[in-house]
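Side-chain atoms are counted along with the backbone in the values below, which use heavy atoms only and exclude waters and symmetry mates. Order of appearance sets the numbers: ligands from 1, and atoms from 1 within every ligand.
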Amino acid sequence: MEVVILPTGQQVAELAAAAVVGLVQRKADAVLGLATGSSPLGVYRELASLHDAGRVSFGHARGFLLDEYVGLPDGHPQQYRSVIRRELESGVDFGPAAVVGPDGLADDLPTACADFERAIAAAGGVDLQLLGIGSDGHIAFNEPGSSLVSRTRVKTLTAQTRADNARFFDSPAEVPRHVLTQGLGTIGQARHLVLLATGPGKAAAVREMVEGPVSAACPASVLQLHAHVSVLVDEAAARQLSLADYYREAYAGKPAWQGL
Ligand code: GLP
């Protein structure tokens with residue numbers, strides 16, 4: 001696990017965007033794992049501006065969402081499929097059916113989850129997965145207690161996650177209780193995981209993820225078992241890391257050719 005501490009959230013977004021662009025330049029048909037929430041929004045803005053500048057095309061790339069609310073109708077502004085259309089696809093050039101998410105409106109949700117797993121596998125797996133982290137240590141919607149080898153399935157949100165996400169809805173009661181989410185085992189099969197965290201509200205979760213025990217109590221701690229993880233944080237999110245000086249020294253001395 002590499003921890004990169006940067007002064008600002010904008011620099012975090014630029015570094016993550018550079019990793020995505022580098023991948024797509026090397027591999028035009030790359031498979032990207034797309035996160036929602038506020039953490040990746042800066043990355044998506046950067047990708048749009050790099051696309052506008054002619055530096056990258058997503059015309060052959062594919063995308064898979066991490067998760068989805070159950071029951072939010074098509075066109076609802078907080079349905080994650082709509083969020084990704086608005087925040088990413090509208091600014092770049094993915095093909096018409098290139099981005100898919102788990103179907104939170106399916107009559108048979110377990111079958112929709114299995115279909116989604118099969119679609120990821122059929123695409124050859126995810127090359128680079130963007131991730132945020134919830135204040136309770138969740139990634140995607142894998143709440144504390146999630147099996148560390150779980151697959152895409154239905155989960156129930158914690159009260160804390162519903163409260164955290166209420167800012168996106170007109171009232172807290174509108175936040176759905178149920179979601180579909182890639183499992184921790186699903187996420188762990190992506191070849192490169194890039195987790196972004198900014199602001200003081202993420203500091204405790206980042207500490208538990210990076211320096212705490214591997215435990216379902218902090219689902220993000222499962223990233224310690226993955227061979228290629230980049231944790232990109234600003235100073236505020238890094239402030240509880242006891243090895244922060246070491247992470248800074250290691251990154252400062254890293255040869256440029258290595259990339260993330
Ligand atoms: C939601 C999403 C997660 C995201 C988390 C943190 O629960 N399902 O993928 O990482 O929120 O969101 P934010 O980046 O807005 O803090």
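Ordered by chain and residue number, the residues placing a heavy atom less than 4.0 Å from ligand 1 are G37, S38, S39, D67, Y80, G132, I133, H138, A140, F141, N165, R167, K202.
In this structure, a donor-acceptor pair under 3.5 Å is absent between the side chains of T36 and R81. A donor and an acceptor atom, one from each side chain of E143 and Q160, are nowhere located under 3.5 Å apart.
Not counting sequence neighbours, the partners of Q11 by the side-chain hydrogen bond (donor to acceptor under 3.5 Å, both in side chains) test are T8.
Nearest heavy atom pair, residue V210 against residue Q224, reads O-NE2, 3.6 Å.
Partner S82 forms a side-chain hydrogen bond (donor to acceptor under 3.5 Å, both in side chains) with one of Q78, Q79, R85 and no other, that one being Q79.
Classification of the H192-H228 ring pair by plane angle, with boundaries at 30° and 60°, yields parallel.
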